[in-house]
Undergrad: 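Okay, handing you the structure first.
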Amino acid sequence: AGIKSEDGLTTRNAVIKNLNMLQISYTPSGNEKGNMVGGIAGMAVDTTFDGCVVQGAISGRTQLGAIVGYAYNSNLYNCGSNVAITTNNIHAWAGGLVGYAAHSDIRNSYSVSTFTNNQVALPEYLNIGAIAGYVVDSTFDHCFYVARSEINSSKDYTGVTQTTMTTLKSDDMLHALRDYSDAYGFE
């Protein structure tokens, strides 16, 4: 199941390594708001994710990410995602790896995730990014995505490159991304 931070997992001072979350599924229900939702953690503070892959589907209101919903002073290295991300809010931060990245470092990672917004939203209120939806003082290096649904073109950050599925699956690219496992999650 996907993890939310309201009642679920907030990581602090942790290292999460070589974790493959396959066929995750999370949809808020009852009194759950669906804020800060991620495939591994809803919120991460001073946390490193290394060699993690997430596949499946998550939905919620804001700060939605395939790996983590809200990352503060955290690192994502050698991670990948193939997650259907659905926002249910007119003001949403959603990303292929991280929904909201603050003072974080993302390297050697990829996303082939898709995005759907179930609310009518003006583009200035909808922050959807292939790797991260909203960014504050964070860095990206050697990150790749395949655009399989509409994302905000303004979310092109230095170190993030659009590519094709064929290129992403190539031996050279897999080697460059330091293939930790066969669970890359390509369709």
Side-chain angles (χ1 to χ4, degrees), residues 1-12 14 16-45 47-71 74 76 78-101 104 106 109-121 126-134 143-151 165 168-169 177 179-187:
I3 305 295
K4 62 195 177 309
S5 70
E6 293 159 347
D7 302 311
L9 181 63
T10 296
T11 64
R12 292 185 192 282
I16 300 170
K17 192 166 184 170
N18 299 330
L19 178 63
N20 294 318
M21 299 285 288
L22 308 178
Q23 299 179 347
I24 65 161
S25 178
Y26 172 74
T27 301
S29 62
N31 293 328
E32 297 174 341
K33 294 177 183 166
N35 297 326
M36 289 189 266
V37 175
I40 296 175
M43 185 164 108
V45 178
T47 297
T48 296
F49 299 88
D50 190 356
C52 298
V53 175
V54 177
Q55 297 176 332
I58 60 172
S59 66
R61 294 183 43 160
T62 188
Q63 298 178 37
L64 308 170
I67 302 286
V68 61
Y70 176 81
S74 293
L76 278 81
N78 314 301
C79 292
S81 72
N82 183 359
V83 175
I85 300 170
T86 302
T87 64
N88 299 309
N89 197 16
I90 61 170
H91 186 97
W93 300 315
L97 295 176
V98 181
Y100 188 114
S104 294
I106 303 171
S109 297
Y110 74 92
S111 173
V112 295
S113 294
T114 60
F115 302 91
T116 303
N117 182 21
N118 288 334
Q119 298 291 322
V120 176
L126 191 61
N127 293 288
I128 294 177
I131 300 297
Y134 192 79
C143 294
F144 300 90
Y145 70 95
V146 176
R148 299 184 339 154
S149 59
E150 185 176 335
I151 57 173
M165 190 65 80
L168 195 59
K169 287 180 176 181
L177 291 172
D179 184 9
Y180 278 101
S181 69
D182 292 327
Y184 262 82
F186 299 126
E187 288 182 354

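Since this is a predicted model, take the numbers as computed values, not measurements.
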Undergrad: I would like to know whether C52 and I40 meet side-chain contact (heavy atoms from CB on, under 4.5 Å); could you show each step before the answer?
TA: CA-CA 9 Å; C52 298; I40 296 175; 3.7 Å; yes

Undergrad: Rounded to the nearest 0.5 Å, how far apart are CD1 of I16 and CG of D50?
TA: 11.0 Å

Undergrad: Using the rule given for ring pair (Phe, Tyr, Trp, His ring centres under 6.0 Å), can you reason through F144 versus Y110, listing the C-alpha separation, both sets of side-chain angles and the distance that settles it, and then say yes or no?
TA: CA-CA 5 Å; F144 300 90; Y110 74 92; 9.2 Å; no

Undergrad: Shortest non-hydrogen contact from A101 to A132?
TA: CB-CB, 4.5 Å

Undergrad: Is the shortest heavy-atom distance from the side chain of S104 to the side chain of V98 under 4.5 Å?
TA: no

Undergrad: If I take atom SG from residue C143 and atom CG from residue L76, how far apart are they, to the nearest 0.5 angstrom?
TA: 8.5 Å

Undergrad: Anything under 3.5 Å between a donor and an acceptor, one on a side chain of residues 60-67, the other on a protein residue two or more places apart or in another chain? List them.
TA:
{"unit_1": "T62", "atom_1": "OG1", "unit_2": "W93", "atom_2": "N", "d": "3.3"}

Undergrad: What heavy-atom pair brings I85 and G95 nearest, and what distance separates the two atoms?
TA: CD1-O, 3.3 Å

Undergrad: Examine the side chains of S81 and S111 and answer whether a donor and an acceptor come within less than 3.5 Å of each other.
TA: yes

Undergrad: Which distance, rounded to the nearest 0.5 Å, do you find between the CE of M21 and the CD of Q55?
TA: 11.5 Å

Undergrad: With the side chain counted from C-beta on, respond yes when N88 and S59 share a heavy-atom pair under 4.5 Å apart, and no when they do not.
TA: yes

Undergrad: Going by the rule side-chain hydrogen bond (donor to acceptor under 3.5 Å, both in side chains), which residues pair with T87 if we only count those two or more places apart in sequence or in a different chain?
TA: N117

Undergrad: Give, for atom CZ of F49 and atom CG of L19, the distance between the pair rounded to the nearest 0.5 Å.
TA: 9.0 Å

Undergrad: Can you name the closest pair of heavy atoms from N20 and G51 and give their distance?
TA: OD1-O, 4.4 Å

